[in-house]
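Quantities reported herein were computed from a predicted structural model and do not represent experimental measurements.
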Amino acid sequence: MDPLDVLTNLDKVIPYYQAIFSADEQRVIGYEVLGRIEHNGNIQSLGPFFQDENVPDEYRIEIDDYIVHSAIDEFLKLKDPELLLFINRDANLLMIDHGESFLQILLEMQDSGLNLKQIVLEITEHNFNGDTEQLYHLLTYYRTYGIKIAIDNIGKASSNLDRIGMLSPDILKIDLQPLRLTSPSQSYYDVLYSISILARKIGATLLYEDIEVNFQLQYAWKNGGRYYQGYFLDKPKRPFTNRDECKDRLKQEFQYYISAEKKKLERLYHFTESFHQRIHQLISKIGKQYDDYNQLLKELSIQLDDCCFRIYICDEDGFQQSVNIYKKNGWEIQPQYYLNNWSWRPYFLANIMKMRYDKKGFLSDVYSDIEKGDLIRTFSYPLNKDLYLFIDLSYEFLYDQEGLL
């Protein structure tokens, strides 16, 4: 619609609210404010209006401020001190007056009973064109009043994790819309994993948004999401959604996820135990016949041809004590890896210590192999107190095993 229709029909502008649900309580913990306008008998989103840079900044700020006033007035009528109100703000517009006008609105509403600890300011980091350090100082200043900070739309566009880390938000909102694609790239999952690690490091809560189907909710539950939002759970509406609207449904969904995950972990445990016994028996049978590590690996490659594509031996400091035995068309020797050091790999030394004290082999998480590009797992096995065997299991083998991918 024409921006002028928005500006000349301020009385038709209204806030809508989309509920945000928590994993721990299975109930609504807050609402995101979304701008709407009644036009020709229909309710239309004001998203295009706010995103249109041809609309003068002062007009966008005026409409935004009007929606915030209306939303807070209605929010206060709930009289629930546990609820949060999520307010979107364009960081570029916010910095025009260094955030003063927005803060004044909130401070004025304190006289009406607003607790600023219930306000969550949402900004989109990758749209910000200004000085990140100045934005950081503003957000830090807001926090002194108890205002929480959320970074929005992470995962939807290119996000700078260093800049997000610097801003130290309380909440990271991860967009799960790309999961609706037929086959999202592995790099997308890797980015989400990196974001989850970052959230843990900076003490931020993960909020997964744009959840439109069940498997997205399951992904969010499995990958550290405490808060959830999306059409699958609740659409933007007026008035506010009842806090226990989805409680029974979420309990039922979570119970299904828990049961499925426990079964998967049980299968993983049994596979690990079984594969450990297989390797243990092979080493007990053929290990003493070979003084040369490379000969041992050749024999193992014959015995493990059905499941692996790479085998090698390292010492406890990560220095490779053998060549690679690598399966391409057939098995071949890769001598260039002899004495390479792998201690720089994440968790390598921690895994060595685990094997040293448990005296058992174990299976890694799924990860992308640098050389093949496939999803694989590595089975690690302690040969003795100084040497450790590494067996890379192929994608094809894992695919045929239930629950290993």
Side-chain angles (χ1 to χ4, degrees), residues 15-34 45 47 71 75 78 80 82-88 118-125 148-157 159 164 169-181 184 188-189 191-200 202-262:
Y16 264 48
Y17 307 101
Q18 188 171 24
I20 296 168
F21 298 84
S22 75
D24 40 358
E25 295 183 74
Q26 302 95 54
R27 63 195 311 236
V28 174
I29 55 90
Y31 306 92
E32 180 179 0
V33 180
L34 300 167
S45 170
F75 180 73
L78 296 176
D80 190 334
E82 294 182 354
L83 283 169
L84 300 173
L85 189 67
F86 288 68
I87 299 173
N88 287 286
Q118 292 181 265
I119 297 297
V120 180
L121 170 64
E122 284 191 32
I123 62 171
T124 303
E125 169 273 332
K148 297 176 178 61
I149 307 299
I151 303 293
D152 194 14
N153 283 335
I154 296 176
K156 196 169 189 177
S159 297
I164 292 171
D170 303 284
I171 297 170
L172 295 179
K173 294 191 72 174
I174 298 180
D175 190 328
L176 287 185
Q177 193 176 48
L179 275 187
R180 294 295 305 273
L181 299 174
Y188 170 73
Y189 292 105
V191 168
L192 293 192
Y193 178 72
S194 298
I195 293 169
S196 68
I197 295 296
L198 172 64
R200 190 170 65 178
I202 66 177
T205 298
L206 290 181
L207 190 166
Y208 285 92
E209 60 180 337
D210 281 334
I211 295 174
E212 298 179 353
V213 289
N214 187 291
F215 79 86
Q216 288 175 309
L217 179 62
Q218 184 171 11
Y219 180 91
W221 171 86
K222 186 178 177 181
N223 289 274
R226 184 181 183 186
Y227 299 147
Y228 315 116
Q229 182 183 22
Y231 278 31
F232 182 70
L233 299 170
D234 189 57
K235 295 181 179 180
K237 65 176 72 167
R238 291 177 59 82
F240 295 96
T241 299
N242 183 285
R243 292 197 67 183
D244 292 321
E245 180 81 16
C246 288
K247 193 174 184 70
D248 292 339
R249 179 181 164 201
L250 282 173
K251 275 187 174 180
Q252 186 175 359
E253 296 288 2
F254 289 167
Q255 193 58 56
Y256 170 78
Y257 302 158
I258 291 166
S259 297
E261 190 65 17
K262 285 169 68 176

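The main-chain N or O of Asn223 is found under 3.5 Å from a side-chain atom of Tyr208 such that the two form a donor-acceptor pair. In this structure, the side chain of Arg226 does not engage the main chain of Ser22 through any donor-acceptor pair within 3.5 Å. Lys247 places a side-chain N or O within donor-acceptor distance of the main-chain N or O of Glu25, the cut-off being under 3.5 Å. Glu261 places no side-chain N or O within donor-acceptor distance of the main-chain N or O of Tyr257, the cut-off being under 3.5 Å.
Across all non-hydrogen atoms, the minimal contact from Phe215 to Leu179 is CZ-O, 3.3 Å. The minimum heavy-atom distance linking Gln18 with Asp234 is given by the pair NE2-O, 3.1 Å. Closest of all the heavy-atom pairs between Tyr228 and Ala23 is OH-CB, 3.3 Å. A pairwise comparison of heavy atoms in Glu122 and Asn88 identifies OE1-OD1, 2.9 Å as the closest pair. The minimum heavy-atom distance linking Leu83 with Val28 is given by the pair CD2-O, 3.9 Å. In this structure, Asp152 and Glu209 approach most closely via the heavy-atom pair OD1-OE2, 2.7 Å.
Gln118 has its side chain within reach of Phe75: a pair of non-hydrogen atoms, C-beta onward, lies under 4.5 Å apart. Counting heavy atoms from C-beta on, the side chains of Phe232 and Glu253 come closer than 4.5 Å. Between Ser45 and Leu34 the shortest side-chain heavy-atom distance does not fall below 4.5 Å. The shortest side-chain heavy-atom distance between Ile20 and Leu207 falls under the 4.5 Å cut-off.
One finds the CG atom of Leu121 at 12.5 Å from the NZ atom of Lys148 (value rounded to the nearest 0.5 Å). Atoms CZ and CZ, on Arg243 and Phe21 in that order, are 10.5 Å from each other to the nearest 0.5 Å. Once rounded to the nearest 0.5 Å, the distance linking CG of Asp210 with NZ of Lys173 reads 8.5 Å. Remark: Leu84 CG to Ile171 CD1 distance equals 6.5 Å, nearest 0.5 Å. Atom CD1 in Ile151 sits 9.5 Å away from atom CG in Asp170 (nearest 0.5 Å). Rounded to the nearest 0.5 angstrom, Leu233 CG and Leu217 CG are separated by 5.5 Å.
Here Gln252 pairs with nothing under the side chain to side chain contact (heavy atoms under 4.5 Å, CB included) rule; sequence neighbours left out. Shown here are the ring-ring contact (aromatic ring centres under 6.0 Å, His included) partners of Tyr17, two or more places apart in sequence or in another chain: Phe240.
Within 6.0 Å of CZ on Arg200 lie no more than 12 heavy atoms contributed by other residues, nucleotides or ligands.
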